[in-house]
Protein chains: 2
Amino acid sequence: MRQLNVALLGLGNVGRALVRLLQAKSAELQRSYGLGYRITGVASRRLGWLVQPAGFDIAELLNADAVGPDSDRVQDIHQWLDRVRPDAVFETTSLNPESGQPAIDYLRAVLSRGAHAISANKGTVVYGYEALTESARSAGKRFLFEATFLDSAPVFSLFRETLPGARLRSFSGIFNSTTNVIIETMEAGRGFAEGVRAAQELGITETDPSHDIDGWDATVKVCAATRVLLGVPLLPAQVSRQGIRDLQPQRLQTARAEGKPIRLVARARLEGDDLVVATVRPEVLSATDPLAGVRGTSLAVHFELDVMPGLTIISHRPNLMSTAYGLLADFLNALR
Amino acid sequence: MRQLNVALLGLGNVGRALVRLLQAKSAELQRSYGLGYRITGVASRRLGWLVQPAGFDIAELLNADAVGPDSDRVQDIHQWLDRVRPDAVFETTSLNPESGQPAIDYLRAVLSRGAHAISANKGTVVYGYEALTESARSAGKRFLFEATFLDSAPVFSLFRETLPGARLRSFSGIFNSTTNVIIETMEAGRGFAEGVRAAQELGITETDPSHDIDGWDATVKVCAATRVLLGVPLLPAQVSRQGIRDLQPQRLQTARAEGKPIRLVARARLEGDDLVVATVRPEVLSATDPLAGVRGTSLAVHFELDVMPGLTIISHRPNLMSTAYGLLADFLNALR
């Protein structure tokens with residue numbers, strides 16, 4: 001039986017969902033993987049850098065207001081890592097869409113101390129993929145980030161583990177559920193603002209919903225997937241981006257009635273060896289397009305490979321537990 | 001650089017597509033995997049057991065009538081394996097839906113001689129999964145069969161490699177493209193017989209199309225996936241099965257017009273620890289069902305897991321190359 005220390009960098013909804021999932025799966029982790037764990041460190045902007053070498057109490061972590069009274073508080077990530085001695089750190093801090101910082105620096109420190117770095121934060125992939133992957137290699141550890149893309153549906157691990165010798169040529173997808181929900185609200189004859197409220201009520205919007213509406217969230221995901229799966233660096237500014245503000249309800253209703261729905265579609269295509277053309281914009285989808293049936297909060301990606309005409313992965317109505325599972329799957333894959 | 005001997009058991013359309021794919025990928029296999037190969041054995045009902053220790057000529061293998069004049073012919077699989085000395089054998093013989101034989105005995109011999117056994121033949125999974133997996137374990141080799149299910153879309157490897165700690169509860173899918181094409185032909189106002197001809201022209205029907213029409217092909221796939229993914233033995237006779245012979249074009253047209261298409265859907269659900277309830281039958285799908293958009297020769301499977309509300313994999317218009325890629329992917333995964 002291996003007894004591991006894990007730590008949480010970020011303790012918002014996803015972090016707490018991970019705590020619940022680790023608890024729910026703990027008997028199975030012991031039985032199937034011979035694995036026990038203690039959560040020896042927790043850190044967030046609000047809580048500071050907390051250390052509990054004997055392991056935090058789960059009930060305490062699940063009640064945001066109860067965290068901390070019996071823990072030690074240190075000053076920075078270096079002191080924290082010294083005391084927490086993690087085997088893996090789960091990073092779920094909020095996205096910095098301009099630079100991915102400070103999460104990238106944190107994860108570099110995590111890896112250099114010999115712990116696996118597992119992230120649910122797209123910014124670490126878009127701005128830090130090469131550097132963090134290299135840090136992981138030098139440390140003999142893993143930098144993994146399945147939860148960043150389709151909310152835990154296996155995509156990065158799919159290419160890493162199941163498609164040897166295949167070459168990806170292009171991908172397209174519906175990567176943002178807020179815009180999907182807004183468009184569907186308008187297809188049903190209601191207004192844009194109502195659509196935004198519907199998405200907010202589902203709890204799926206970014207803190208600033210214009211990140212969704214103007215296509216930034218989908219753009220960041222295109223960049224992450226392009227870097228990792230096509231192997232080409234791509235920054236958000238290089239993506240031709242158009243949001244959904246100008247879509248008219250009448251046009252959306254007509255398109256849906258004709259069976260050719262309009263959706264915010266993200267695309268990237270390899271042109272030559274290292275040029276990628278990427279777009280995020282509203283598109284009319286044909287009824288037979290694999291993305292046309294993706295509804296509500298579901299997310300999807302469609303791949304074209306040299307050896308396969310098309311492969312679509314759809315994540316249906318992902319929730320906090322499934323996002324947390326993306327982190328758990330990375331953790332178990334890192335330990336293999 | 002590793003130099004491996006591979007052998008082909010079966011040399012029909014899929015076997016020849018594999019020869020073409022191995023040839024097309026040979027530079028990449030050398031560069032990315034440090035791997036060279038020779039095809040030292042070929043066997044089929046028509047050709048007998050052929051051996052060419054220096055490696056068959058690719059052009060010869062691609063021309064069915066040219067195979068064999070300079071090869072040695074032996075009497076049975078044991079003599080063949082003695083001479084061929086394979087590191088991996090690709091088995092693409094035709095399905096025996098009653099017993100999976102003689103393919104299972106062949107693959108057992110392959111594994112016991114220390115070669116990986118890679119199969120595109122559902123019968124080996126339905127009737128031989130446990131025994132062949134056990135033979136592979138004793139031999140320190142692999143029995144893999146990705147090409148049997150969704151024509152090469154990664155499904156078995158997805159569960160093996162990317163979804164640790166997750167529990168599958170149920171799956172549903174469109175596993176047979178012949179019935180899909182027949183139904184779409186009738187949705188377009190034409191008759192059942194025309195649908196059968198359309199499928200035959202696409203080259204997708206089983207030798208006896210009643211295997212498709214009466215749901216046998218989908219049933220065999222449900223049994224294969226249930227055994228491997230749900231871990232419960234299930235035989236074709238235990239599946240509640242209804243084919244598509246009684247569907248009326250008028251009803252199919254109306255359903256399609258209402259956006260609720262009828263399809264031959266296969267389902268399996270775990271009830272308790274080791275009871276599986278499985279059906280193959282025409283079902284009315286809601287417009288939001290992930291299977292509702294699957295058209296033509298495409299195949300799809302939808303999974304429900306304890307940690308994920310839904311995960312759909314769609315293989316779009318698979319072709320001989322993509323089926324052959326399923327075999328190649330298994331080969332490269334076996335060598336890791």
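So you know, we letter chains A, B, ... as the sequences are listed, proteins then strands, and number each from 1.
Within the 4.5 Å cutoff, side-chain heavy atoms of A/Val307 are placed close to those of B/Leu21. You'll find the side chain of B/His316 reaches within 4.5 Å of the side chain of A/Thr312, heavy atoms only. When side chains are defined from C-beta on, A/Met308 counts as touching B/Ser152, because their heavy atoms get closer than 4.5 Å. A 4.5 Å side-chain heavy-atom check between B/Leu311 and A/Ile314 finds every atom pair outside the cut-off. Put simply, the side chain of A/Pro164 reaches to within 4.5 Å of the side chain of B/Tyr325, judged on heavy atoms.
The minimum heavy-atom distance between B/Thr162 and A/Thr162, with the atom names listed, is CG2-CG2, 3.9 Å. Listed here is the closest heavy atom pair of B/Lys25 and A/Asp306: NZ-OD2, 2.5 Å. Contact detail for A/Pro309 and B/Arg317: the closest heavy-atom pair is CG-O, 3.2 Å. Minimum interatomic distance between A/Tyr33 and B/Gly165 (heavy atoms only, all atoms of both residues): OH-N, 2.9 Å.
Heavy-atom pairs under 4.5 Å with chain A peak, among B/Leu29, B/Leu163, B/Leu305, B/Asp289, at B/Leu163. Per-residue counts of heavy-atom pairs under 4.5 Å with chain B were compared for A/Arg295, A/His302, A/Arg167; the largest is that of A/Arg167. The greatest number of non-hydrogen atom pairs below 4.5 Å with chain A, out of B/Gly293, B/Pro290, B/Ser315, B/Ser32, is found for B/Pro290.
Using a 4.5 Å cut-off between heavy atoms, B/Ala153 touches chain A through backbone and side chain atoms alike. Residue A/Ala300: no heavy atom, backbone or side chain, is found under 4.5 Å from chain B. For B/Ala166, the parts lying under 4.5 angstrom from a heavy atom of chain A are both the backbone and the side chain. The contact between A/Ala329 and chain B is made by backbone and side chain atoms together, counting heavy-atom distances below 4.5 Å. Contacts of A/Leu328 with chain B are absent, with no heavy-atom separation under 4.5 Å from either backbone or side chain.
Here salt bridge (charged side-chain N to carboxylate O under 4.0 Å, His left out) pairs that include residues 149-161 of chain A, with residues two or more places apart or in two chains, are A/Glu161-B/Arg336.
Under the ring pair (Phe, Tyr, Trp, His ring centres under 6.0 Å) criterion, A/Phe331 pairs with A/Phe90, sequence neighbours left out.
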